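Computed from a predicted model, the values in this text were never measured in an experiment.
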Amino acid sequence: MGPYLVILCQLVFTILVEGSMMIVWQNSKEALGYSVLANLMTNPPLNLLLLYLAGRGAGLYATLGIRLGLEVLVILAEALAYRGMMKTDIKNAIRISLVLNLVSFGIGEIFGVLGYWRVLQVIAWL
């Protein structure tokens, strides 16, 4: 599977997880649109940068440190997006972004342990 297909699968996975949570948490289908827009803004650049770093031979610990730093930036960027789209205060927007990203990050890590690439291959095959 090519790297861009992997990135697309990661985006779809993130939108499914975070979008589902937004619909339930905010009790609004409109919230799904907010989640999709926020993730379109942050997910592809994040994963392209991580792919680039992996290709440059970044070590596991360096990549993990960079990844965690980038995830903090993603949480802040999405919080600003949610603040504007949802017309909510920054504290609530950060809470929403933090919870959504922690859950999708955690599920993604579990998939990683269980054979993430195999899961993506199945998704891509469908």
Side-chain angles (χ1 to χ4, degrees):
M1 175 173 5
Y4 298 113
L5 186 54
V6 171
I7 289 171
L8 178 62
C9 289
Q10 291 169 328
L11 174 63
V12 169
F13 168 79
T14 301
I15 287 172
L16 287 173
V17 170
E18 293 186 19
S20 299
M21 289 178 57
M22 276 292 270
I23 290 171
V24 172
W25 191 4
Q26 298 298 313
N27 197 21
S28 160
K29 290 182 183 176
E30 190 175 64
L32 172 62
Y34 302 149
S35 177
V36 169
L37 290 173
N39 281 293
L40 282 172
M41 177 182 72
T42 59
N43 189 281
L46 169 70
N47 286 309
L48 282 170
L49 182 56
L50 291 173
L51 181 65
Y52 170 78
L53 292 172
R56 303 285 294 170
L60 177 62
Y61 294 111
T63 304
L64 181 60
I66 291 167
R67 224 170 116 205
L68 291 175
L70 291 172
E71 288 290 344
V72 169
L73 293 176
V74 164
I75 289 166
L76 294 175
E78 289 182 9
L80 291 173
Y82 289 137
R83 178 179 174 232
M85 289 185 286
M86 298 173 72
K87 309 290 189 243
T88 188
D89 63 273
I90 192 65
K91 189 175 179 179
N92 187 47
I94 290 172
R95 182 176 31 255
I96 291 168
S97 181
L98 180 64
V99 169
L100 295 177
N101 281 283
L102 283 174
V103 170
S104 65
F105 182 85
I107 292 172
E109 291 302 301
I110 291 168
F111 275 172
V113 170
L114 298 177
Y116 183 66
W117 298 110
R118 293 223 187 266
V119 171
L120 289 177
Q121 287 173 335
V122 169
I123 292 170
W125 182 77
L126 297 175

Does Leu51 sit in a hydrophobic cluster with other residues, and if so which ones, taking ILVMFWY side chains as linked at heavy-atom separations under 4.5 Å, directly or through other members?
-> Tyr4, Ile7, Leu48
Applying side chain to side chain donor-acceptor pair (under 3.5 Å) to Thr88 and not counting sequence neighbours gives Asn92
Transitive ILVMFWY cluster of Leu32, excluding itself - 4.5 Å side-chain cut-off = Leu11, Ile15, Ile23, Val36, Leu40
Would you give the length of the straight line joining atom CD of Gln10 to atom CG of Leu5, rounded to the nearest 0.5 angstrom?
-> 10.0 Å
Looking only at non-hydrogen atoms, find the nearest pair between Arg83 and Ala93 and report the distance.
-> N-CB, 3.7 Å
Please report, to 0.1 Å, the donor-acceptor pairs under 3.5 Å made by any side chain of residues 98-108, with sequence neighbours excluded.
from	atom 1	to	atom 2	distance (Å)
Asn101	ND2	Glu78	OE1	2.9
Asn101	ND2	Ser97	O	2.8
Asn101	ND2	Ser97	OG	3.3
Ser104	OG	Glu18	OE2	2.6
Ser104	OG	Leu100	O	3.2
Ser104	OG	Asn101	O	3.4

Listed partners of Leu70 passing side-chain contact (heavy atoms from CB on, under 4.5 Å), at least two apart | Leu46, Leu49, Leu50, Ile66, Leu73
Could you tell me which non-hydrogen atom of Gly19 sits nearest to which non-hydrogen atom of Ser35, and how far apart they are?
-> N-OG, 3.5 Å
Verify the distance criterion only: is there a donor paired with an acceptor across the side chains of Thr14 and Asn43 at less than 3.5 Å?
-> yes
CD1 of Ile75 to CG of Leu80: how many Å apart, nearest 0.5 Å?
-> 12.5 Å
side-chain contact (heavy atoms from CB on, under 4.5 Å) with Ile94: which residues, sequence neighbours excluded?
-> Ala79, Ile90
Are Tyr52 and Val74 joined in one hydrophobic group, where the rule is that I, L, V, M, F, W and Y side chains link up if heavy atoms are under 4.5 Å apart?
-> yes
Any pair with a residue in residues 21-30 that passes side-chain hydrogen bond (donor to acceptor under 3.5 Å, both in side chains), sequence neighbours left out, goes on the list, sorted by first then second residue, please.
-> Glu30-Tyr34
Here the gap from Met22 atom CE to Asn39 atom CG, rounded to the nearest 0.5 Å, amounts to 9.5 Å
